[in-house]
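Here is the structure we will look at.
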Amino acid sequence: MGGVVLVAGARERDPVAAMLAALTAKPCPAHRESFGIDGAMAGAWHAATPGGRRPRLIGGRFVVAFDGEVYAGPPAAETFAEMVRDADFRNLGKINGSFAAVVADAQTGAVVLMADRLASRPIYFWHNGTQIAVASRLRSLLADPRIPRRLSRSALLEFLAHRRTFGSATLFGGISGLVAGEVVTIGPDGRIERSQPAKPRFRPEIAGRRDYEAALTTALRGSVERRLADGAAPLLLLSGGFDSRVVAAAGVALGRPIPCASMCAWDNAEIAAARAVAKAAGSPFEFHRVEPAAVAAAFDSAVEATDGVHPAPPSLFPAYAGVAGAGAAALLNGHLLDIFFRGTYLPKRRLPLGRTRPSLPWLAAAIDPSPSAVSRSHHIRTEWPLARNVLAEDAAKDFVPLAAAGVARALEAVDIHHPADAHHAFLLHALARHTSHGDFVAATPFMEFRTPALDGEILDLYFAAPAEWKARRVGIHRAAESLAPPLFRVADANTGYPADWPYSLQLFLGLARATVRRAGLAPRRESSDPSLTGGSWLNWPEYFRREPAMRRRIEALPSSAALLDTGLLRAEGLAEVVSGHLAGTRPATKLLHTLATLDSWLGRTGYSGVTD
């Protein structure tokens with residue numbers, strides 16, 4: 001909850017109060033600190049997790065605040081002020097935390113913005129040469145009436161291709177974000193200097209697996225301990241899979257079992273696994289039912305909560321207010337551990353078994369790290385043939401080149417060692433604006449999200465491990481199991497087999513079970529509603545077809561003024577894609593989700609034209 005804003009040069013109308021109001025879901029503590037003739041920085045925060053959001057005057061010269069948290073080390077505000085004073089940001093990457101910092105130099109008039117190693121917290125700025133606005137959320141920045149709302153044509157096409165924008169781009173021309181480890185200095189003369197002193201770097205440096213496993217065990221335990229250090233009431237989002245189980249195991253190892261909760265539309269196999277893990281950990285467990293109709297009803301609110309920078313993450317969003325209302329102040333999760341140490345997005349070898357083609361724990365024999373190859377990854381793109389069909393002729397011609405150009409900017413923001421690293425760079429170069437992070441950004445209006453995988457010790461090991469180790473899941477299972485072995489004897493929700501069984505065995509048994517089921521020899525526990533799955537997510541293709549409110553939203557897309565007034569989309573093409581999906585003949589789930597998000601966000605914010 002909350003965040004940080006800064007304005008300078010707003011002499012006729014002070015937008016700070018409106019910008020702060022856009023940051024919070026309900027009244028909360030706030031503070032404002034003025035600097036210079038017409039500058040002000042303000043912050044708002046949850047009482048239990050203030051972080052660094054309260055602006056502070058350091059040394060009578062620097063006004064400092066940061067959204068997010070710094071987990072360890074010397075006082076963060078003083079550290080940020082010293083970096084600006086000395087114009088030396090070489091140690092930015094050594095600060096252990098998830099943060100976006102803002103420093104105003106009252107003596108020189110400069111404003112400096114800093115992002116953590118993965119840009120895991122959003123921060124946006126606008127500058128017209130004499131006036132400045134900064135905010136930790138895009139909706140807060142747009143509350144400043146000085147800022148023109150002109151859409152970026154290239155960013156819109158990137159968004160339609162990849163469900164996000166790349167580099168520092170946002171959907172609005174003139175509004176910029178930060179990439180991982182970046183520093184932006186806006187000087188008193190209006191010049192903007194950008195550097196990346198904490199640029200992510202893949203550098204395999206680990207010699208032995210035993211040392212790696214031991215270091216992982218220590219890092220996993222320490223990262224969770226640091227997330228619990230302030231005493232804010234924690235709640236672990238527990239899925240019954242691997243990632244969140246690791247966080248639960250670390251809590252057990254610390255002698256602090258963490259209260260757990262699962263959020264889902266029905267009490268399925270995943271919830272049963274989560275209950276069993278919580279019981280093994282000695283943790284209280286809550287099941288929060290998220291009715292399918294509530295997901296559709298919360299769609300616009302979920303879009304607003306994530307600033308429309310990636311498709312709305314409504315699956316868990318309807319439960320957040322109730323969870324926070326019950327007393328949870330910090331939402332812990334296992335996000336990214338699977339990606340970091342089990343190679344989720346890495347190109348791997350696959351078994352040629354029909355349409356499923358399950359991945360194997362080995363890197364693909366040949367990996368293309370080029371922007372065009374990464375751009376075409378099925379993990380990140382929409383249904384491109386259908387996406388081109390909804391576009392006007394000129395936009396359709398530029399669609400694929402602009403998509404590759406966006407990925408190229410992402411790759412430039414990360415130092416790559418192995419070709420496989422390129423397939424992680426699109427995720428890591430600006431994490432807060434990536435689709436996989438949306439559920440946790442969406443939680444911040446209600447409570448702090450805390451992701452142990454963002455801890456500095458975890459990141460050091462991730463960047464130092466060879467790509468092949470990540471694909472083969474080397475080290476992570478033994479490290480996690482050593483924290484609390486009983487938790488890993490419980491069946492994994494994703495496989496149905498004990499989590500401490502070797503992955504190769506689970507894969508073989510899973511394929512055998514699938515063969516038996518296809519032959520009709522064994523039943524599968526399923527809901528009577530086809531729009532539900534055995535996990536915490538919805539079956540989005542069916543949900544779009546069957547849930548009345550969501551279907552109406554999809555059916556209305558061809559007549560959406562917010563979309564058509566961009567001049568980039570065709571009503572006829574939209575109608576063809578919608579009808580094809582609803583009829584079940586041409587699935588377009590990712591594209592329709594993206595278009596529905598744009599329709600909601602642009603319809604709410606408004607815009608005054610499109611710029612190149």
Side-chain angles (χ1 to χ4, degrees), residues 2-24 28-45 50-68 70 74-89 92 95 99-115 121-138 140-147 175-178 182-195:
V4 178
V5 305
L6 176 145
V7 298
R11 300 183 179 182
E12 296 180 1
R13 182 179 176 183
D14 187 346
V16 170
M19 294 171 73
L20 275 183
L23 286 174
T24 58
C28 61
H31 179 72
R32 172 177 176 146
E33 193 78 38
S34 298
F35 62 91
I37 299 175
D38 52 15
M41 187 186 300
W45 58 89
R53 298 179 181 94
R54 180 187 178 96
R56 293 179 53 200
L57 180 63
I58 305 293
R61 174 179 170 183
F62 300 101
V63 180
V64 184
F66 59 93
D67 186 34
V70 171
E78 286 79 356
T79 300
F80 293 133
E82 289 169 4
M83 287 181 172
V84 175
R85 180 197 65 199
D86 301 337
D88 186 350
F89 302 97
L92 178 62
I95 298 176
F99 60 85
V102 184
V103 181
D105 187 340
Q107 181 174 304
T108 66
V111 172
V112 181
L113 313 178
M114 291 173 259
R121 298 279 173 164
I123 189 77
Y124 302 99
F125 73 94
W126 166 84
H127 177 53
N128 69 354
T130 59
Q131 298 176 309
I132 303 171
V134 177
S136 50
R137 301 307 289 265
L138 190 54
S140 175
L141 196 71
L142 292 173
D144 185 340
R146 300 175 299 168
I147 300 176
I175 296 178
S176 178
L178 271 66
E182 186 176 22
V183 174
V184 173
T185 301
I186 306 171
D189 57 359
R191 289 192 301 174
I192 297 178
E193 296 181 4
R194 307 187 77 135
S195 62

### Query
With respect to V7, which candidate in M41, Q131, R146 satisfies the side-chain contact (heavy atoms from CB on, under 4.5 Å) definition?
R146
### Query
Where the side chain of S136 meets the backbone of V4, is there a donor-acceptor pair that is under 3.5 Å apart?
yes
## Note on the structure
CD1 (I186) and CH2 (W126) are apart, to the nearest 0.5 Å, by 10.5 Å
### Query
Can R56 and E78 be counted as an ion pair, charged N to O under 4.0 angstrom?
yes
### Query
Measuring from R32:CZ to D14:CG, what's the distance to the nearest 0.5 Å?
4.0 Å
### Query
How far apart are the closest heavy atoms of A42 and L20, and which atoms are they?
CB-CD1, 3.8 Å
### With F62, the side-chain contact (heavy atoms from CB on, under 4.5 Å) member among R85, E82, M83
R85
## Note on the structure
Closest heavy-atom pair, D144 versus A133, reported as atoms and distance to 0.1 Å, is OD2-CB, 3.5 Å
### Task
Just say parallel, tilted or perpendicular for the rings of F66 and F99, cut-offs at 30° and 60°.
perpendicular
### Task
Compare all side-chain heavy atoms of F80 with those of V102 and state whether any distance is below 4.5 angstrom.
no
### Shortest non-hydrogen contact between A135 and M19, atoms and distance
CB-CE, 4.2 Å
### Query
What heavy-atom pair brings R194 and S176 nearest, and what distance separates the two atoms?
NH1-OG, 3.0 Å
### Task
Would you confirm whether R137, through its side chain, and G2, through its main-chain N or O, come within 3.5 Å as a donor-acceptor pair?
no
### Task
Return the minimal non-hydrogen interatomic distance between A106 and F35, and the atom names on each side.
CB-CB, 4.1 Å
### Query
Are the side chain of Q107 and the backbone of R61 linked by a donor-acceptor contact shorter than 3.5 Å?
no
### Summary
Smallest heavy-atom separation, T130 atom then N128 atom, equals N-OD1, 3.1 Å
### Query
Would you say S34's side chain and A40's backbone share a donor-acceptor pair under 3.5 angstrom?
no
